[in-house]
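Presented below is the structure to which this report refers.
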There are 2 protein chains.
Amino acid sequence: METRCENCIVRQYNSLRALSKDELKEVSNSKILKTVKKGESLFEEGEKLDGVYCVRNGVSKLSKLSATGKEHIVKLASNGVIMGQRSVIADETTHLRAVAINDMTVCFIPKHTIINTLNTNPNFAIEVLRHMAHDLKEADNVIVNMSQKTVKQRLGEAFLYLKKNYGEDNDGYLTLTLSRDEYANIVGTASESCIRIISEFKKKGLLKTSGKKIGIVNEKGLRNMITGF
Amino acid sequence: METRCENCIVRQYNSLRALSKDELKEVSNSKILKTVKKGESLFEEGEKLDGVYCVRNGVSKLSKLSATGKEHIVKLASNGVIMGQRSVIADETTHLRAVAINDMTVCFIPKHTIINTLNTNPNFAIEVLRHMAHDLKEADNVIVNMSQKTVKQRLGEAFLYLKKNYGEDNDGYLTLTLSRDEYANIVGTASESCIRIISEFKKKGLLKTSGKKIGIVNEKGLRNMITGF
DNA sequence: AAATTTATATGACATTTGTCAGTTTTAGAA
DNA sequence: TTCTAAAACTGACAAATGTCATATAAATTT
């Protein structure tokens with residue numbers, strides 16, 4: 001498998017694209033390619049990271065446990081997303097746990113390489129800033145959604161999000177398959193509520209299911225339900 | 001009033017502390033001191049900012065309107081907080097509205113000064129990154145709280161937050177006085193629910209009120225209620 | 001000071017969502 | 001393939017929260 005960062009396509013999606021040729025070479029030499037099986041964790045909440053993970057392939061969920069032990073999935077990370085950046089930069093332990101949703105390949109880039117580049121290449125720092133600024137905006141949007149939309153609306157949005165970002169297979173089912181429990185942990189509800197709403201959407205002809213797979217049948221209808229009509 | 005950034009104490013709380021003497025001088029020369037009256041807005045959602053605001057005095061709420069026109073207060077900004085940084089850096093319109101909760105004095109620092117310094121001083125960029133990393137972590141915490149705590153718990157936390165960050169007056173009332181509606185818009189609930197919970201807390205001897213002022217009577221009890229006991 | 005507006009408060013009720021208990025289905029292991 | 005554990009599902013009910021209507025209190029204007 002091609003493992004030179006210089007030739008890696010996922011790079012264009014993240015802040016590494018601000019690196020010079022030489023810097024890229026350094027990253028490439030210091031990085032370690034890892035494979036992570038579905039269900040395995042990349043890092044745990046509260047862990048001290050000595051590097052970041054750049055996702056080449058597969059999808060990871062980034063989640064946080066509440067005081068009562070319930071999981072909340074804050075974000076999904078796929079192709080090109082760099083995980084652990086926040087805690088490496090802030091020099092803090094992670095506040096999120098990363099678990100592979102399907103088989104993954106990731107590149108581990110040591111902390112010192114990141115920090116070095118950050119100190120010497122302002123463009124890279126600014127690029128990282130831009131990404132973080134974007135994430136922050138997204139997070140604010142999620143906060144408002146959580147507080148002002150119903151579970152039904154949030155779940156509907158989750159389906160549209162998955163379709164948009166991961167697409168659907170030949171039979172019209174969402175490519176990225178999540179369990180009902182994971183859906184519940186994304187929108188912040190109980191799995192039973194989640195299941196009930198999926199049933200309701202099926203009855204209304206908005207969705208179809210096959211096992212745990214879910215397909216969007218009537219996207220416009222789903223959209224209308226989300227906006228409240 | 002002293003208006004040289006070099007001598008401004010709020011600077012130590014924000015990323016400007018990474019600036020060199022010369023850079024500070026430049027900021028100081030390009031900044032404009034403004035006063036904002038209670039209720040006035042510093043900027044609106046969707047506005048293009050050509051600079052950031054550094055809070056010298058007073059408190060501002062940063063809020064977002066939902067599709068249904070309901071306000072959600074995402075953050076309070078006081079002493080030393082720099083507002084508008086995110087959108088200036090990302091070169092996007094603001095996603096939040098800033099309104100003064102009480103009379104404020106703020107320094108407006110033009111965009112080009114910020115961007116210049118960002119491009120030339122990696123320390124400043126890293127300092128900004130650290131702050132944004134912190135905000136991002138906070139935002140994730142809020143998301144999980146919104147999804148997994150009850151309104152009662154979130155409201156309780158809001159009171160503790162206000163006490164910790166803005167203190168209380170001689171009579172034991174919170175220094176920063178918010179309307180019931182604003183409390184509701186912070187925790188993401190209806191003002192009636194908010195009012196009801198305040199009444200309940202009063203009956204239980206956790207809070208006291210005097211007009212719109214609110215005081216914490218039994219902090220330990222309040223804390224217990226939040227953690228679920 | 002009176003009038004008017006705005007904020008706070010409370011009751012009654014509807015709706016949403018969570019919890020628990022149990023059944024059925026599915027997917028993976030033996 | 002059969003067995004078994006986990007996931008998906010459903011019903012019944014309880015709890016939390018939102019909505020609407022209305023009353024009272026506080027703040028502001030006239």
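Letters go in sequence order (proteins before strands), and every chain restarts at 1.
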With sequence neighbours excluded, give me every ring pair (Phe, Tyr, Trp, His ring centres under 6.0 Å) pair touching residues 38-68 of chain A. A:F43-A:Y53, A:Y53-A:F108

Side chain to side chain contact (heavy atoms under 4.5 Å, CB included) with A:N57: which residues, sequence neighbours excluded? A:T105

Taking only heavy atoms on the protein side, list every residue of residues 143-163 of chain A lying under 4.0 Å from any atom of DNA chain C, sorted numerically. A:T150, A:V151

Considering only heavy atoms, which members of residues 182-196 of chain B lie under 4.0 Å from some atom of DNA chain C? B:E192, B:I195, B:R196

Whichever of A:S210 and B:K203 has its nearest DNA chain C nucleotide further upstream toward 5': B:K203

Give the rounded distance in Å between these two atoms: NZ of A:K213 and C1' of D:dA7. 16 Å

What pairs of residues pass the ring pair (Phe, Tyr, Trp, His ring centres under 6.0 Å) test when at least one of them lies in residues 204-228 of chain B, not counting sequence neighbours? none

First contact, last contact: which nucleotides of DNA chain C are these for chain B, 5' to 3', heavy-atom distance under 4.0 Å? C:dT8 to C:dA12

Applying salt bridge (charged side-chain N to carboxylate O under 4.0 Å, His left out), which residue pairs with at least one partner in residues 178-191 of chain A are found, sequence neighbours left out? A:K61-A:E182

Is there any ring pair (Phe, Tyr, Trp, His ring centres under 6.0 Å) pair reaching into residues 58-88 of chain A, and which pairs are they, with sequence neighbours excluded? none

Rounded to the nearest Å, what distance is computed from the CD atom of residue B:E200 to the P atom of nucleotide D:dT17? 10 Å

Qualifying ring pair (Phe, Tyr, Trp, His ring centres under 6.0 Å) pairs with a residue from residues 137-186 of chain B, counting only residues at least two apart or across chains: B:F159-B:Y183

Listing, residues 187-194 of chain A side-chain donor-acceptor contacts under 3.5 Å, not counting sequence neighbours, or none:
none

Distance check, rounded to the nearest 0.5 Å: A:T209 atom OG1 versus A:I214 atom CD1? 7.0 Å

For the backbone of B:C5 and the side chain of B:R11, can you confirm whether one donor and one acceptor N or O come within less than 3.5 Å of each other? yes

Distance only, no hydrogens: is a donor on one side chain within 3.5 Å (strictly under) of an acceptor on the other, for B:E71 and B:S63? yes

Which atom pairs, one a donor and one an acceptor, fall under 3.5 Å between side chains of residues 132-140 of chain A and the rest of the protein, sequence neighbours left out?
from	atom 1	to	atom 2	distance (Å)
A:D135	OD2	A:K75	NZ	3.4
A:K137	NZ	B:E92	OE1	3.3
A:D140	OD2	B:H95	NE2	2.7

Return the value, rounded to whole Å, for the distance between atom CD1 of A:I214 and atom P of D:dC9. 8 Å

Distance-minimising heavy-atom pair for B:M104 and B:V106: CE-CG1, 4.0 Å

So how far off straight is the helix from C:dA1-D:dT30 to C:dA30-D:dT1, going by the axes through five pairs at either end, to 10°? 40°

For the residue pair B:K37 and B:N102, confirm or rule out a side-chain donor-acceptor distance under 3.5 Å. no

